[in-house]
Amino acid sequence: MSRIAYVNGRYLPLNRASVHIEDRGFQFADAVYEVIAARGGGLIDEDMHLKRLHRSLGELRIAAPMSDAALKLVMREVLRLNGIADGTLYLQVSRGSAPRDFPFPKSAKPSLVMVARRGRGPAAALIENGVGVITLPDIRWARPDIKSVALLPNALGKQRAKEAGAYEAWQIDRDGNVTEGTSSNAWIVTADGEVVTRRADNSILNGVTRLGLIGLLAREGLKLVERPFSVAEAKAAREAFLTSTTNFVLPVVSIDGTPVGNGYPGSIVRRLRQIYEEYIVAQEPAL
Ligand code: PMP
């Protein structure tokens, strides 16, 4: 089956799906996006993703391309046309296309594209054994809380991680604290069992997985502390992990080659992975 994309009102085979060369997403990264996990044909935490989409659009003063009800229909249609039950749905809204000029065009219409991809996240071995991260300076702009497609620093960081044989790069602010990964949020568990992640200020993307997991911690009797943590603290932490839509909860067992704890996924992260998976399953549509 050839893959089908949605582009501005049309469902087209991927090789015929295109946007205008003067699309501002292409020329200025003047666009925002969301990646939503699909399970059993349903979209996980769909409303939280749409809420964040509206926040990103609002911060950049881009108009919504259609109502949420219409977006939900189109997202499901893209999944259906691609025969995808389990995978990810990528959605991007740009300010539209107009002759290249920095100020906002007067009459551009936002452009909306969607593609879907099959897959159920990281390989079982990565979940079982955990992954390594490297650290590097956070060289992004000052508003990574907006989910814009200006992802060049993220791509450069992920490439550095890959070349170092690591799974992710944790970005470090000027105070030596971890902001977040290039495509995930960063967490540690302290010696006394507190679960620590950075507060969702302007320096990180407020992950939907992050928010979902936060909602589950109290039930487990785990204390959440939202505060910055340094690389040194992370290396000396009892456990570490990352969260994202494509990874859910993934143990981090080494940082810059230094093992975290005993170098194996700890009991808290394994428990959090399990309860997060249960939270996902509970959202799958009934057959
Ligand atoms: N931070 C960054 C920089 C990201 O790109 C992502 C993934 N889009 C996340 C965090 C995790 O967000 P979510 O849980 O919503 O996928």
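Here the structure is a predicted model, which is why all the values come from computation and not from measurement. All ligand and atom numbering here is 1-based and tracks the order in the structure.
- A heavy-atom cutoff of 4.0 Å around ligand 1 is satisfied by the protein residues Tyr33, Arg52, Arg140, Lys147, Asn154, Glu180, Gly181, Thr182, Ser183, Ser184, Asn185, Leu205, Gly207, Val208, Thr209, Thr243, Ser244, Thr245.
- Remark: Trp187 pairs with Phe241 by the ring-ring contact (aromatic ring centres under 6.0 Å, His included) rule, at least two apart or across chains.
- Glu128 and Arg273 are not joined by a salt bridge, as no carboxylate oxygen comes within less than 4.0 angstrom of a charged side-chain nitrogen.
- A salt bridge is absent between Lys51 and Asp68; no separation between the charged side-chain nitrogens and carboxylate oxygens falls under 4.0 Å.
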Evaluate salt bridge (charged side-chain N to carboxylate O under 4.0 Å, His left out) for Glu180 paired with Arg210, printing each intermediate quantity in order. CA-CA 11 Å; Glu180 61 181 334; Arg210 175 187 182 280; over 6 Å; no
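- Using modelled atom types, one finds a donor on one side chain and an acceptor on the other under 3.5 Å when comparing Ser184 with Glu168.
- Between Glu163 and Arg160, none of the side-chain N atoms (NZ, or NE/NH1/NH2) sits under 4.0 Å from a carboxylate O, so this pair counts as no salt bridge.
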